Amino acid sequence: MSEPSWTVVVPVKRLDVAKSRLRGALPGVPHESLALALALDTVRAVLACDAVAALLVVTDDPRVAPAVRSAGARVLPDVPDAGLNAALRHGAETAGGPVAGLTADLPALLPADLGAALRAAAGTPGVRHFVADAPGDGTVLLAAPAGVPLDPRFGAGSAAAHAASGALPLAGGWPTLRRDVDTPADLAEAARLGLGPHTAALAAPRCPAAAPG
Ligand SMILES: Nc1nc2c(ncn2[C@@H]2O[C@H](COP(=O)(O)OP(=O)(O)OP(=O)(O)O)[C@@H](O)[C@H]2O)c(=O)[nH]1
Ligand SMILES: C=C(OP(=O)(O)O)C(=O)O
């Protein structure tokens with residue numbers, strides 16, 4: 001087993017305003033419960049990854065903080081109303097050392113996929129690396145070695161923005177890492193990969209109606 005060395009920073013937005021593109025994805029399931037489940041399944045996989053030394057969750061949400069703390073993460077208060085990149089910078093500057101920013105919407109994430117990507121990111125010293133999302137235009141992970149600022153450029157078109165900033169794309173497959181969930185279609189794709197327990201509990205098909213007759 002490789003020596004864990006990475007601190008992973010996972011920002012989680014306040015649940016009442018998070019994942020707006022997912023609203024209505026699971027009829028009858030409160031939206032905040034789904035947003036929380038996505039984050040908890042992400043956190044669970046990060047904490048089970050053998051390349052991760054520590055997990056820092058950047059959040060102000062009163063439901064998220066105790067839940068991720070009890071799972072084993074350290075919690076850092078968010079930078080109020082400053083956005084995802086500010087939250088990532090804040091976490092990375094607090095963490096120090098090799099640091100990887102990760103989105104909190106990866107409910108199918110497997111520790112093995114994350115570990116493989118982090119080990120690949122350690123391959124070229126002194127350089128930042130990123131993992132694009134499944135469509136290839138967004139980013140799910142941005143890794144910086146010790147002494148190199150994370151310099152996050154998450155948002156629309158972030159894969160090109162990270163490449164333009166000098167970060168190198170990591171070309172591994174890692175389907176469960178690349179499958180972030182922004183829309184109901186993304187959630188269906190993630191379900192095909194296999195959801196973590198928190199999201200699966202909400203997304204599991206309702207008991208089929210009793211067969212007629
Ligand atoms: N702490 C913190 N986390 C954020 C912030 N903005 C986004 N995130 C997190 O970053 C991850 C990826 O961002 P998005 O996919 O854009 O999430 P989102 O903004 O909740 O989604 P939409 O409302 O659908 O755009 C999500 O897991 C969010 O929880 C922020 O301002 N602060
Ligand atoms: C945060 C990102 O995008 P999205 O909001 O689509 O997850 C990103 O890919 O950098």
Side-chain angles (χ1 to χ4, degrees), residues 8-26 30-46 55-65 67-69 73-95 99-109 114 117 128-144 150-165 167 169-170 174 176-187 189-190 196 198-199:
V8 175
V9 176
V10 176
V12 181
K13 208 175 198 177
R14 285 197 338 270
L15 298 178
D16 60 324
V17 291
K19 308 311 298 175
S20 59
R21 288 168 282 177
L22 263 183
R23 282 199 177 279
L26 296 178
H31 179 71
E32 294 190 15
S33 299
L34 176 55
L36 177 60
L38 299 177
L40 292 180
D41 283 328
T42 305
V43 161
R44 178 177 179 273
V46 172
L55 168 59
L56 194 50
V57 173
V58 183
T59 190
D60 269 349
D61 191 279
R63 288 176 60 185
V64 174
V68 298
R69 195 177 283 120
R74 185 178 154 206
V75 175
L76 193 63
D78 204 352
V79 184
D81 305 318
L84 170 55
N85 291 311
L88 281 163
R89 279 192 294 273
H90 182 40
E93 287 156 10
T94 303
V99 65
L102 188 75
T103 58
D105 50 6
L106 307 168
L109 181 61
L114 177 60
R128 292 153 58 238
H129 292 84
F130 70 94
V131 176
D133 63 5
D137 58 352
T139 304
V140 292
L141 180 140
L142 176 66
L150 188 63
D151 189 15
R153 315 271 179 109
F154 284 76
S158 64
H162 285 133
S165 73
L170 290 168
W174 314 320
T176 71
L177 173 59
R178 293 180 189 274
R179 184 64 276 162
D180 66 330
V181 173
D182 294 320
T183 66
D186 295 343
L187 183 59
E189 282 300 313
H198 299 279
T199 310

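Keep in mind it's a predicted model, so treat the numbers as computed, not measured. Atoms within a ligand are numbered from 1 in the order they appear, just like the ligands themselves.
Shortest contact from atom 8 (C) of ligand 2 to any protein heavy atom: S158 OG, 3.3 Å. For atom 9 (O) of ligand 2, the closest non-hydrogen atom on the protein side is T139 N, 2.9 Å. Atom 9 (C) of ligand 1 has as its closest protein heavy atom P11 O, 3.5 Å. Counting only heavy atoms of the protein, atom 18 (P) of ligand 1 lies nearest to K19 N, 3.7 Å. When only non-hydrogen protein atoms are considered, atom 6 (O) of ligand 2 lies nearest to D182 OD2, 3.0 Å.
Residue G155 has at least one N or O atom closer than 3.5 Å to an N or O atom of ligand 2.
At a heavy-atom cutoff of 4.0 Å, ligand 2 is contacted by no atom of D137, backbone or side chain.
In the displayed structure, D81 atom CG is contacted under 6.0 Å by at most 12 heavy atoms of other residues, nucleotides or ligands. In the displayed structure, R128 atom CZ is contacted under 6.0 Å by more than 12 heavy atoms of other residues, nucleotides or ligands. Atom CZ of R14 has 12 or fewer neighbouring heavy atoms from other residues, nucleotides or ligands inside a 6.0 Å radius.
Comparing heavy-atom distances from atom 12 (C) of ligand 1 across D182, D105, D81 singles out D105 as nearest. When G101, P77, A104 are ranked by how near their heavy atoms come to atom 27 (O) of ligand 1, first place goes to A104. The option with the heavy atom closest to atom 10 (O) of ligand 1, from among V140, V64, L84, is L84. Considering only non-hydrogen atoms, atom 32 (N) of ligand 1 lies nearest to D78 out of D78, L88, N85, L22. Ranked by closest heavy atom to atom 14 (P) of ligand 1, the top entry among K13, R14, R21 is R21. The heavy atom nearest to atom 22 (P) of ligand 1, out of those in A39, G83, S20, A86, is found in S20.
Ligand 2 has no atom lying under 4.0 Å from any heavy atom of T103. The closest approach between any non-hydrogen atom of R21 and ligand 2 is below 4.0 Å.
Although no hydrogens or angles enter the test, the distance criterion places a donor-acceptor pair under 3.5 Å between the side chain of T183 and the main chain of D186. Panel note: side chain K13, backbone A35; no donor-acceptor pair is recorded below 3.5 Å.
The structure places CG of D133 at 7.0 Å from CZ of R179, a figure rounded to the nearest 0.5 Å. The CG atom of D78 sits 9.5 Å away from the CG atom of L84 when rounded to the nearest 0.5 Å.
Which parts of ligand 1 touch A18 is read off a 4.0 Å heavy-atom cut-off, strictly below it: atoms 20 (O).
Ring orientation note: the planes of F154 and H162 are nearly perpendicular, at an angle over 60° on the 30°/60° scale.
With 3.5 Å as the limit, one finds no donor-acceptor pair spanning the side chains of D180 and T103.
A heavy-atom distance below 4.5 Å is not found between the side chains of D41 and L106.
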